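Input: a single structure, listed below in structure tokens.
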Amino acid sequence: HGWDFCNGDSNPMDDHSHGTHCSGTIAGVGNNGIGVAGVNWTSELVALKFLGATGSGALTDAMDAIRYATDMGCKITSNSWGGGSYNQALADAITYAQNRGCLFIAAAGNSAFDNDVAMSYPSSFPNDNIIAVLALDCNDQIAWWSNFGRNTVDIGAPGVSILSSVIDDSYALFSGTSM
């Protein structure tokens, strides 16, 4: 079911519901009268955790998670995280995934920055396998806080007040380029 690179164990349980919320949006089973429906009702997910309860983590753990997902045969990874500057080792891990046919979906960021001017990693790496996603509001406009970039951001998706699953068998509205 996955791995917790932060704590070095096989229990990748979510600390703050962020990953659970994203997972529900991706793969919540639909047409069953329960909760929310994701965009793909028959997805198989692997939970990979590298951020701890404080919301921070080691870049080496992120790279290990990317390689793990790639080696496990995952065709797509959802990377709802970012921050920091350019890092060649992280770029190499994403290239490793690219060379094995793995798409790397990346949140563009939530700071209202133009990623063409102020790069936001990992979404701003130039790899062909990266799809950088900005957040759209209910009027199909870029959310005021969403990062954007004509050259560095690929697509927009709903990201404001998105209802999905959270820990403790509940549901909540979250906003962000992760959603």
Side-chain angles (χ1 to χ4, degrees), residues 1-28 38 40 43-111 113 115 118-135 146-147 149 152-154 157 159 162 164-168 172 174-179:
H1 62 268
W3 191 258
D4 179 347
F5 293 88
C6 179
N7 296 305
D9 61 40
S10 62
N11 183 9
M13 289 304 294
D14 196 351
D15 293 310
H16 300 288
S17 290
H18 182 268
T20 302
H21 194 277
C22 294
S23 296
T25 301
I26 294 167
N40 187 331
S43 296
E44 293 182 24
L45 301 179
V46 177
L48 301 175
K49 177 179 176 177
F50 75 91
L51 299 175
T54 63
S56 63
L59 198 54
T60 55
D61 289 342
M63 293 182 280
D64 288 345
I66 293 165
R67 288 187 192 96
Y68 178 94
T70 303
D71 290 344
M72 293 298 293
C74 296
K75 297 298 180 195
I76 302 172
T77 59
S78 176
N79 299 277
S80 298
W81 53 277
S85 58
Y86 181 90
N87 180 284
Q88 186 60 54
L90 178 57
D92 292 345
I94 295 170
T95 298
Y96 178 81
Q98 176 178 309
N99 291 341
R100 285 152 186 81
C102 182
L103 283 176
F104 188 94
I105 311 304
N110 302 321
S111 302
F113 292 152
N115 288 357
M119 300 290 190
S120 177
Y121 295 100
S123 69
S124 292
F125 284 115
N127 297 63
D128 293 337
N129 66 326
I130 296 176
I131 299 174
V133 183
L134 62 77
S146 180
N147 288 14
T152 53
V153 177
D154 302 295
I162 304 301
S164 190
S165 52
V166 293
I167 54 178
D168 297 327
F174 283 11
S175 296
T177 56
S178 301
M179 308 300 107

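Keep in mind that what you see is a predicted model, and the values were worked out from it rather than measured. Quick note: numbers below take in every heavy atom, side chains included, and nothing from hydrogens, waters or symmetry partners.
Counted within 6.0 Å of CG on D9, heavy atoms from surrounding residues, nucleotides or ligands total more than 12; the atom is thus considered enclosed. More than 12 heavy-atom neighbours from other residues, nucleotides or ligands sit within 6.0 angstrom of CD on Q88.
Only one option out of T177, V153, N110 pairs with S146 in a side-chain contact (heavy atoms from CB on, under 4.5 Å); it is T177.
The CD1 atom of I94 lies 7.0 Å from the CG atom of N129; values are rounded to the nearest 0.5 Å. Here the CD1-OG distance, from I26 to S43, works out to 7.5 Å after rounding to the nearest 0.5 Å. Distance OG1/T95 to CZ/R100: 10.5 Å, rounded to 0.5 Å. The CE atom of M119 lies 6.0 Å from the OG1 atom of T152; values are rounded to the nearest 0.5 Å. Atom CZ of F5 is separated from atom CG of D61 by 8.0 Å, given to the nearest 0.5 angstrom. Taking CG from L51 and NE2 from H16, the interatomic distance works out to 9.0 Å, rounded to the nearest 0.5 Å.
Classified by interplanar angle (parallel below 30°, tilted 30° to 60°, perpendicular above 60°), the ring pair H21/F174 is parallel.
In this structure the side chain of I105 reaches within 4.5 angstrom of the side chain of I131, judged on heavy atoms. Using a 4.5 Å cut-off on side-chain heavy atoms (C-beta onward), N99 and T70 make no contact. Residues D71 and Y96 have side chains in contact (heavy-atom distance under 4.5 Å, counting atoms from C-beta outward). The shortest side-chain heavy-atom distance between I130 and P122 does not fall under the 4.5 Å cut-off. At least one side-chain heavy atom of M179 sits less than 4.5 Å from a side-chain heavy atom of C22.
Of the possible polar contacts, none joining the T20 side chain to the S165 backbone as a donor-acceptor pair under 3.5 Å is found. Remark: side-chain polar atoms of S120 are paired, donor with acceptor, to backbone N or O of A108 under 3.5 angstrom. No donor-acceptor pair closer than 3.5 Å links the side chain of N79 to the backbone N or O of W81. At distances below 3.5 Å, at least one donor-acceptor pair connects side-chain atoms of D15 with backbone N or O atoms of A53. Using a distance-only test at 3.5 Å, with no hydrogens or angles considered, no donor-acceptor pair links the side chain of N147 to the main chain of N115. Judged purely by atom type and a 3.5 angstrom limit, S164 uses its side chain to pair as donor or acceptor with the backbone of T25.
Remark: D4 pairs with K49 by the salt bridge (Lys or Arg N to Asp or Glu O under 4.0 Å) rule, at least two apart or across chains.
Of the N and O atoms on the side chains of S178 and H18, at least one donor lies less than 3.5 Å from an acceptor on the other residue.
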Would you check, one step at a time, whether the test side-chain contact (heavy atoms from CB on, under 4.5 Å) holds for Y68 with V46? CA-CA 10 Å; Y68 178 94; V46 177; 4.2 Å; yes
Could you go through F104 and F125, starting from their C-alpha distance and side-chain angles, then the distance that decides it, and tell me whether this counts as ring-ring contact (aromatic ring centres under 6.0 Å, His included)? CA-CA 11 Å; F104 188 94; F125 284 115; 8.2 Å; no
